[in-house]
Every structure is written in structure tokens, then in C-alpha cells.
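Order of listing sets the numbers, starting from 1, for every ligand and every atom in it.
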Amino acid sequence: MTDTILPLFGLRPEDFMIERIGSGHIHLTYKLEGQKNFILQRVNKNVFRQPELIASNLRMASDYLSRTCPDYNFLTCIRSVSGKEMEYDAEGFPWRLFPFIGNTITIDSVSTKEQAFHAASEFARLTRKLEGINVQGFRPTIPRFHDLTMRWEQFEDACSNDTHMSEARELVDACKRAYPLVDMYRTLTAPGMMPLRIVHNDTKINNVLFDRVTGSTSGVIDLDTLMPGYILYDLGDMVRTFVSPVSEEERSLDKISFRKEIYDALLEGYLSEMGPVMTEVERRAIPLAGPMMTYIMALRFLADFLRGNVYYHISYPEQNLVRASNQLRLLDVLSKNIKGAAVY
Ligand code: ADP
Ligand code: GN1
Ligand code: MG
């Protein structure tokens, strides 16, 4: 398929070595190596039902940033020969092209507190730089993406299909026991409680580019879910993915643990940029960020398993069940180790 798409961007397939890269669950990402390097990506149209919203949100952010802080490294796509941000293939999938940012690396797990600090400040910097933009001008690319109430409802709905319930029963019960987090989320996000800001919504460590030589950060990528949300989402997803030494794929639950030095460093990094503008309610909500996002992922993975694995790529049948049990263990570990997070 890349052969038919590249000419639309004015590139000749024979000029490149094309390699599939990335460990994301959603898109297909290719690195093109030639005289100049590029990233070519097929957007998952089943997840992003209106892909043009991604392009319009990013255009708005990019225009704003080039006016207000021209030195900020905001990744923008390369337009096609006919001037479009995305080109569609015969199956209706949109594709886009990015410059490959040279001398950078991405990592799949956090091993030092410096990485946690720098990554968190980089994600916070993006939200801080967009402070002042018209938040209402953005359209959600996935409606209510990190709305815990909605994720709970989707989970309940998935539970009404009992084809796979016997294998999932224990985890379903564990998810139900954590329900008080949904009520806390509702309270925290009631009108007037926390400001909507432009947040990244996928703050995994492999969405940060690190300078290959200095180890400092060179910016963030994977901006499809850049849209209005609460800082709880970005902070929480970092806690979820940075703090334990093992990822959401780990089957040996005893390896899941709380690395306090990483937790402290990521908070310090986030606050170094966002601290001065955060409200009192946002500050009070910090301990709940990690548990809430971890709970959302437990609900999403388990709901996907119950629905027959229709959303996340899987490489073995019970993978979503493993991911859900991993996230439930992590939820327990976070609740026990973060002061103010023991809520049920
Ligand atoms: P996914 O949705 O699959 O996570 P990403 O946009 O995060 O897709 O890209 C996957 C990987 O490709 C990244 O983790 C990073 O290693 C690499 N990558 C993506 N965009 C760039 C870029 N512009 N420059 C350098 N590397 C990139
Ligand atoms: C998906 O594309 P990727 O792997 O970065 C998902 C995130 C989840 C993550 C769990 C659009 O992100 O919300 O946190 O998997 N993205 C979407 O690994 O659903
Ligand atoms: Mg990514």
C-alpha cells in the first residue's frame, strides 16, 4: 500500500528503505530511510471516525504556537502534492507524512528519574504553551475519550454480553469494587471544578523524542488526541506508564511495583511547567490522577476482551485479559503507595 501512497506526497517508493516501526496499538507507522528520512503513518479510521478533525485541531494548535512561541518544536505533517494533510487509500484509510526528526530516539520504558522529569515537563510544556488558545475551537477526535463515567458505562454494556464472562468473572468483580473512583471523577469534573485545557491524552514515554546525544527532550509526538481535557489525564497516564518497572503487557503481577523516585520526578517535572497556572482543585486532584487513568485502562481492556477483542491489536487471545489484570494490580499498588489515593 505504501507504494500507491508515496507518490501522492511526491515521493518515489524506490528511493526508500521502508520499515514498520513503533509499538502503538492503533496506527501503522513506517520509517522511510533515504536521502531524507520520513515517517509515514496509516491512521486507524475505525478508532478515529472523523480523521479530518485531527488535522483541523493540529492546524489550530500549530497556527497559535507559530504566532505565540515560534521557537517551540511542534510536529506538523507534510502536505501532499495536492496540498492535503492526509491522503486516502483504496480502503478508505487516511495516510499522513511527517519529517523524521533526526538525532532523536524514543524509549519504551522509563529507567531513570531524569527521563521521568524531562518527559513530564515536555508534556506539561505543550499544555502550558497552549494556555490562552480557544479551547472550544478544538473538536474531540474521540468523543469523551478519557471520561471515566463513559468508560464505566461502556464496560457495563460489555458485561451484558456473557460469551466470555466465565474467563473474566474475577476481573469484572474487581473492576466493580473500584467503582467509587467513578463517583470521585464525577465530583472532580462537575461544572466549575477544573478547567478544560488542551492536553495530549497519550502521554506514554514512547511519545517523547529524546536527543540521542544529550538525553534532553526534543518534543512530543503522536498528537492525534490533542484536544480539550483535564490535566488529570496526562498526569495520570504518566503515572500509569512510568512508575512501575514493567509495562501493561506484563503477566507476572509480582513484578508490578511503585518506584517512588520516578513518581516524585514526574510530578516535579510536570509542576515545573504547569505548577504556576494550576488551580487549587487541580492540585488536590493530583493523587487521584494515576489511579483514575489506570482504572480507565482496566475497564477498557476488559470491555474489549468481553466484546471479542475488537479495538486493541492483540497477538494472543487472552492478551486483553492479561492487560486488565495487570492494570488492576497496578491500581492496587498505586492506591497503597500514593498519599491521598486510597479511596475504596
Ligand atoms: P503510534 O500510534 O504507533 O504510537 P507514533 O506516532 O507514536 O505512533 O509513532 C511510533 C514511533 O515512531 C514513535 O514511538 C517513534 O519512535 C517514531 N516516530 C514517530 N514520529 C516520529 C518523528 N516525526 N520523528 C522521529 N521518530 C518518530
Ligand atoms: C492506545 O496508540 P497507543 O498504543 O499509543 C490508546 C491509548 C491507551 C494505550 C494503551 C486512541 O494508545 O488510549 O492508553 O493504547 N489510544 C487510543 O497502551 O485508544
Ligand atoms: Mg505513539
Side-chain angles (χ1 to χ4, degrees), residues 18-33 36-51 53-54 58 73-78 94-109 119 123 140-148 150-151 154 199-212 217-227 229 233-234 236-242 244 246-250 290 292-304 309-314 319-320 322-324 326-327 330:
I18 303 178
E19 181 198 359
R20 171 111 189 254
I21 60 165
S23 42
H25 299 322
I26 307 294
H27 302 309
L28 291 183
T29 308
Y30 299 89
K31 180 176 179 188
L32 313 182
E33 258 191 280
K36 263 173 92 177
N37 299 338
F38 299 94
I39 292 284
L40 179 69
Q41 202 166 50
R42 190 190 81 166
V43 175
N44 186 326
K45 69 178 161 81
N46 303 320
V47 169
F48 292 93
R49 299 295 176 102
Q50 291 177 276
L53 294 182
I54 302 177
L58 296 184
N73 244 344
F74 187 72
L75 184 67
T76 47
C77 64
I78 299 169
W95 291 73
R96 67 239 167 123
L97 186 75
F98 295 101
F100 184 88
I101 313 295
N103 298 318
T104 61
I105 53 161
T106 48
I107 53 176
D108 278 322
S109 60
F123 282 119
T141 53
I142 302 179
R144 301 177 69 189
F145 186 44
H146 282 144
D147 178 338
L148 181 50
M150 197 263 302
R151 294 300 180 183
Q154 287 181 333
V199 293
H200 182 283
N201 274 305
D202 190 7
T203 55
K204 297 204 282 203
I205 194 72
N206 56 16
N207 288 329
V208 180
L209 296 177
F210 287 92
D211 185 287
R212 187 181 286 284
T217 48
S218 310
V220 298
I221 55 172
D222 214 347
L223 295 159
D224 313 321
T225 49
L226 186 76
M227 58 186 171
Y233 303 159
D234 280 4
D237 217 30
M238 282 189 272
V239 174
R240 181 181 84 78
T241 54
F242 292 12
S244 171
V246 292
S247 81
E248 66 197 16
E249 303 292 347
E250 180 60 54
M292 277 178 185
M293 287 300 290
T294 306
Y295 185 41
I296 279 192
M297 288 315 302
L299 294 171
R300 290 179 69 190
F301 286 139
L302 196 51
D304 197 32
N309 305 310
V310 290
Y311 189 89
Y312 293 107
H313 290 313
I314 53 164
Q319 191 164 4
N320 275 318
V322 167
R323 290 167 174 158
N326 170 305
Q327 295 295 283
L330 179 61

For this session: Identify the protein heavy atom lying closest to atom 24 (N) of ligand 1, giving its residue, its atom name and the separation to 0.1 Å.
Result: Ile101 N, 2.9 Å
For this session: Could you check if a side-chain atom of Thr241 sits within less than 4.5 angstrom of a side-chain atom of Thr203, using non-hydrogen atoms only?
Result: no
Exercise. Is any side-chain heavy atom of Thr217 less than 4.5 Å from a side-chain heavy atom of Asp211?
Worked result: no
Exercise. Less than 3.5 Å between some nitrogen or oxygen of His27 and one of ligand 1, yes or no?
Worked result: no
Exercise. To the nearest 0.1 Å, how far is atom 26 (N) of ligand 1 from its closest protein heavy atom, and which atom is that?
Worked result: Phe100 CE1, 3.5 Å
Exercise. Which ligand 2 atoms are under 4.0 Å away from a heavy-atom of Ile142?
Worked result: 11 (C)
For this session: Record the part of Ile39 in heavy-atom contact with ligand 1 below 4.0 Å; permitted values are side chain, backbone, both and neither.
Result: side chain
Problem set entry | Side chain, backbone, both or neither: Asn207 near ligand 1, heavy atoms under 4.0 Å | side chain
Exercise. Heavy atom under 4.0 Å from ligand 1: found in Gln41's side chain, backbone, both, or neither?
Worked result: side chain
Exercise. Can you list the atoms of ligand 2 that are under 4.0 Å from a heavy atom of Met297?
Worked result: 8 (C), 10 (C), 14 (O)
Problem set entry | Verdict with supporting geometry, Asn44 and His25, side-chain hydrogen bond (donor to acceptor under 3.5 Å, both in side chains) | CA-CA 10 Å; Asn44 186 326; His25 299 322; over 6 Å; no
Exercise. What are the two closest non-hydrogen atoms of Val322 and Glu249, and how far apart are they?
Worked result: CG1-O, 3.9 Å
For this session: Check the pair Asn201 / His146 against side-chain hydrogen bond (donor to acceptor under 3.5 Å, both in side chains), numbers first and verdict last.
Result: CA-CA 8 Å; Asn201 274 305; His146 282 144; 2.9 Å; yes
For this session: Go through the steps to decide whether Tyr312 and Arg323 satisfy the test side-chain hydrogen bond (donor to acceptor under 3.5 Å, both in side chains), and finish with yes or no.
Result: CA-CA 11 Å; Tyr312 293 107; Arg323 290 167 174 158; over 6 Å; no
For this session: Please confirm whether Thr225 comes under 4.0 Å of ligand 2, counting heavy atoms of the residue only.
Result: no
Exercise. Is there any N or O on Ile21 that sits under 3.5 Å from an N or O of ligand 1?
Worked result: no
Exercise. Does Tyr311 reach ligand 2 with a nitrogen or oxygen that is under 3.5 Å from one of the ligand's nitrogen or oxygen atoms?
Worked result: yes
For this session: Considering heavy atoms of the protein only, find what lies nearest to atom 14 (O) of ligand 1 and give residue, atom and distance to 0.1 Å.
Result: Asn206 O, 2.9 Å
Exercise. Does atom CG of Asn103 have more than 12 heavy-atom neighbours from other groups under 6.0 Å away?
Worked result: no
Exercise. With the Mg ion (ligand 3) as the point of reference, which N/O/S atom of Asp222 is the closest?
Worked result: OD2
Exercise. Is His27 near ligand 2, meaning one of its heavy atoms is under 4.0 Å from it?
Worked result: no
Seminar exercise, completed: Quick look: Asn201 vs ligand 2, heavy-atom contacts under 4.0 Å, and the answer is neither
Exercise. Within 45 degrees of the axis of the six-membered ring of Phe100 and under 6.0 Å from its centre: does Lys31 put its NZ or CZ there?
Worked result: yes
Seminar exercise, completed: Heavy-atom proximity to atom 14 (O) of ligand 2 ranks first, among Arg240, Lys204, Glu248, for Arg240
Exercise. Which option, Asp222, Thr29, Thr106, owns the non-hydrogen atom nearest atom 2 (O) of ligand 1?
Worked result: Asp222
Problem set entry | Phe98 and Leu40, any side-chain heavy atoms less than 4.5 Å apart | no
For this session: Give the ring-plane orientation class for Tyr30 versus Trp95, where under 30° counts as parallel, over 60° as perpendicular and anything between as tilted.
Result: parallel
Exercise. For atom 7 (C) of ligand 2, which candidate among Arg300, Glu249, Gln327 provides the closest heavy atom?
Worked result: Arg300
For this session: Would you check whether His25 has a nitrogen or oxygen atom less than 3.5 angstrom from a nitrogen or oxygen atom of ligand 2?
Result: yes
Problem set entry | Shortest protein heavy-atom distance from atom 2 (O) of ligand 2, along with the residue and atom involved | Ile26 CG1, 3.2 Å
Exercise. Which of the atoms in ligand 2, numbered in the order shown and given with their element, are less than 4.0 Å from a heavy-atom of Tyr312?
Worked result: 15 (O)
Exercise. So is Pro99 polar-close to ligand 1, meaning N/O to N/O under 3.5 Å?
Worked result: yes
Seminar exercise, completed: Residue, atom and distance of the protein heavy atom nearest atom 11 (C) of ligand 1 read Gly22 CA, 3.9 Å
Problem set entry | Structural part of Asp202 in contact with ligand 2, heavy atom criterion under 4.0 angstrom | side chain
Exercise. Does the side chain of Leu97 come within less than 4.5 Å of Leu32's, by heavy atoms?
Worked result: yes
For this session: Would you mind reporting whether Tyr295 and Gln327 have side-chain heavy atoms less than 4.5 Å apart?
Result: no
Exercise. Is the Mg ion (ligand 3) under 2.8 Å from any N, O or S atom of Asn206?
Worked result: no
Exercise. Would a 4.5 Å heavy-atom cut-off, applied to side chains only, mark Asp224 and Val43 as touching?
Worked result: no
For this session: Give the atoms of ligand 1, by number and element, whose distance to some non-hydrogen atom of Ile221 is under 4.0 Å.
Result: 7 (O), 13 (C), 15 (C), 18 (N), 19 (C), 20 (N)
Exercise. Heavy atom of Ile26 under 4.0 Å from ligand 1?
Worked result: no
Problem set entry | Non-hydrogen atoms of Val208 and Ala119 that approach each other most closely | CG2-CB, 3.9 Å
For this session: Report yes if some heavy atom in the side chain of Val47 is under 4.5 Å from a heavy atom in the side chain of Ile142; otherwise report no.
Result: yes
For this session: Please tell me if the side chains of Ile314 and Asn320 come closer than 4.5 Å, counting only heavy atoms from C-beta onward.
Result: yes
